[in-house]
Amino acid sequence: MTEYRAPTREMAFTLQHVAGFAEMVKACGYEDASEDVVSAILEEAAKFAGSVIAPTNAIGDRAGVRLGQDGVVTTPDGFRDAYQQYADSGWASLQFDPEFGGQGLPFSLAIPVQEMWHAANMAWGLCPLLSQGAVEALSENGSDTLKQSLLANMISGHWTGTMNLTEPQSGSDLSGIRTQAVPDGDAYRIKGQKIFITWGEHDMAENIVHLVLARLPNAPQGVKGISLFAVPKYLSGKPGEDPVRNDCRAVSLEHKLGIHASPTCVMSYGDNDGAIGYLVGEENQGLACMFTMMNNARLTVGLQGVSISERAYQQTRDYVSERVQGTAPGEQGLSPIIRHPDVRRMMMTMKSLTEAARALAYTGCVAVDFAKGNDVPDEVKARQQRRADLLTPMVKGWCTEIAQEVTSLAIQCHGGMGFIEETGVAQHYRDARILPIYEGTNGIQALDLIGRKTLRDQGKAMAELLDDMRTWSSSDSASDLLTQERQARFDQAIAFVEEATRLVLERRNEPLFAGTVAFNYLMLCSTVTAAWLTLKSAGAAREQDAGEGAFSAGKQITANFFFDHILPRCSGYLAALRAGEESVMALPETDF
């Protein structure tokens, strides 16, 4: 497996000049997030990702994790040391409140840093991903007392966090949750079992704070009767005494297709007297509180799609440049396979999808920061919140879907060697496969895009996005960058999204329509948005080096490829939308 080298120039350029970070920083008063500071942070993170985290990736995949009879999970060699260096170096605290030890930097600045962690070792990176989501949920919803007792240690990284939703009988539909919470003074006694709990038990940190969904006695049925509780692995003892182990533990580990070094636990709460938990937010409002964490996680899971695509692309780029086989057209003798046109096609597909996904993910995260800016006018904040809400299911859905394609092409470019585990590229393919599943399947993301993000506001957020695209399409910059044919293709794609949105709004009362077209609507909207951001990237690169450098030329070529090879997929997505449920639901259930 080749070394991971974070593309810091690409990351900084995309963040600053495509995603709108520079404008957000100015509008929101982040004086400390200067271009020099951004560059310095990314360079230091790149060194840490490449030299400390990345070497653990293949080791962890081979070794996996072990659950001892004492209920302790042992992580692979190097994991604990890498995590301790991560916490001690302050990487966990970038975007959090200085009151609790955070550095007060924008969330979107932490995003390229997190991309590096996941590219270096996605299984390892899941631990800080979930911890940071838990911090978000507690910061937004926890009482002052709970914040004071938990946040400083979690923001420092010396404690980690988890998300406990799923139960054996209740997966994506949380209405069937059975875990119970019974009041006990200022706390609650939690009893129940949760499954698929990522990093639910490990040996890397001093404590783990589990965020657990449970029901209070006499709570309303369904999702309206769910509350959220913070359940620490260790409870603070009396002064001078050691912490006390709470009544919660991992009882088994799942054996998975990928992310072998990430412990996916079955967690048992209250085998004895009940696990002590503390209410987060109000009673019966647990799902709303948890969504703070889930929305953060959906963006960062989309970012994982970017990360694993970048890692697979880098490894494949190195391989096809070195692997000599066959004679390329117009050459004499054997050639590196990068010179064969079909290999070049696959590499350009990987490159263009990865860069477009990065731009989409970063743009969604910048909108989150913009919407929270204290000095931003209310109408701007509202528009940016709509943009963040709209892009969240696209980031999670599209970026994880393209990761399947990119990691599969990585294997294809390696040929038979790609199918051999020793080369390491198969690990990326296996690791990527979870991404469209967790934090809400991509089918759920698609339904969210149609339901909460389009129907609920009568398509307002989508119309604003289309207006921004059309403004760009009609600009002098677009005319300089696009041939007439590509310009027409882009304008047509924008019209496709308009037509699809109109169909969704017109047929909102038809019970089967939204469900059958949702995925194609997600892919259509995301692909067109990605094309727009690819075009913006080419334009920004031209401004950076006056159109005379290799960087600008590469961005132009990548945009051309995206417009020629990826954007035409949109006609198929629209055709499926037009067909609606007719072909999807036509086959009788008994014939499957």
Side-chain angles (χ1 to χ4, degrees), residues 9-10 13-14 17-20 309 313 317 328-330 338-360 362-363 394 398 402 405-406 409 462-501 520 523-575 577:
R9 180 183 183 185
E10 176 71 24
F13 167 79
T14 303
H17 303 292
V18 182
S309 297
Y313 170 73
R317 179 191 60 201
I338 186 60
R339 297 178 187 169
H340 291 280
D342 194 55
V343 173
R344 188 67 68 92
R345 174 193 63 82
M346 290 188 284
M347 291 300 299
M348 283 301 301
T349 301
M350 296 171 71
K351 178 179 174 62
S352 65
L353 287 174
T354 301
E355 291 185 7
R358 178 178 291 114
L360 182 62
Y362 287 15
T363 300
M394 294 193 208
W398 194 77
I402 69 98
E405 183 173 357
V406 171
L409 286 173
M462 188 64 74
E464 290 170 344
L465 179 61
L466 290 170
D467 285 344
D468 287 349
M469 292 186 201
R470 189 169 285 107
T471 298
W472 240 95
S473 178
S474 60
S475 68
D476 292 338
S477 296
S479 298
D480 292 340
L481 294 165
L482 296 175
T483 62
Q484 287 187 343
E485 183 179 359
R486 292 184 181 116
Q487 178 81 58
R489 191 174 294 142
F490 186 40
D491 290 340
Q492 183 185 53
I494 295 172
F496 283 171
V497 178
E498 283 188 317
E499 179 182 343
T501 304
N520 284 293
M523 295 302 288
L524 171 62
C525 297
S526 302
T527 303
V528 178
T529 304
W532 169 54
L533 295 172
T534 300
L535 183 63
K536 284 184 68 176
S537 182
R542 177 173 289 194
E543 291 180 5
Q544 288 288 296
D545 61 15
E548 297 176 355
F551 186 72
S552 174
K555 286 295 181 185
Q556 178 70 70
I557 291 168
T558 303
N560 291 345
F561 182 90
F562 195 100
F563 273 66
D564 293 343
H565 291 258
I566 308 299
L567 193 58
R569 298 177 184 183
C570 293
S571 60
Y573 300 137
L574 182 63
L577 272 151

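Numbers for residues simply follow the sequence, beginning at 1. Because the structure is predicted, anything quoted here is derived from the model rather than measured.
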Search all heavy atoms of [X] against all heavy atoms of [Y] and return the closest pair with its distance.
X      : Y      : value
Met394 : Cys525 : CE-CB, 3.9 Å
Val528 : Phe490 : O-CE1, 4.2 Å
Arg542 : Asp480 : NH1-CB, 3.3 Å
Val18  : Ala359 : CG1-CB, 4.1 Å
Ala530 : Phe562 : CB-CZ, 3.8 Å
Leu353 : Ile402 : O-CD1, 3.8 Å

Is there a side-chain contact between [X] and [Y], using heavy atoms and a 4.5 Å cut-off?
X      : Y      : answer
Leu466 : Met462 : yes
Gln544 : Phe13  : yes
Leu482 : Arg489 : no
Phe563 : Leu535 : yes
Thr534 : Phe561 : no

Mind running side-chain contact (heavy atoms from CB on, under 4.5 Å) on Met348 and Ile557 for me, showing each step along the way?
CA-CA 9 Å; Met348 283 301 301; Ile557 291 168; 4.1 Å; yes
Measuring from [X]:[atom1] to [Y]:[atom2], what's the distance to the nearest 0.5 Å?
X      : Y      : atom1 : atom2 : result
Glu543 : Ser477 : CD    : OG    : 6.0 Å
Glu498 : Thr501 : CD    : OG1   : 8.0 Å
Thr529 : Leu465 : OG1   : CG    : 4.5 Å
Met469 : Trp532 : CE    : CH2   : 6.0 Å
Leu567 : Arg486 : CG    : CZ    : 11.0 Å
Met350 : Met347 : CE    : CE    : 5.5 Å

Counting only N and O atoms by type, is there a donor-acceptor contact under 3.5 Å from the side chain of [X] to the main-chain atoms of [Y]?
X      : Y      : answer
Thr354 : Lys351 : no
Arg470 : Ile494 : no
Ser537 : Leu533 : no
Ser571 : Pro568 : yes

Who pairs with Asp342 by side-chain hydrogen bond (donor to acceptor under 3.5 Å, both in side chains), at least two apart in sequence or on another chain?
Arg345
Take Trp398 and Thr527 through the side chain to side chain donor-acceptor pair (under 3.5 Å) test and state the conclusion after the steps.
CA-CA 8 Å; Trp398 194 77; Thr527 303; 3.2 Å; yes
Determine which pairs satisfy salt bridge (charged side-chain N to carboxylate O under 4.0 Å, His left out) with at least one residue from residues 552-562, sequence neighbours left out, and list them in order.
Glu10-Lys555, Glu355-Lys555
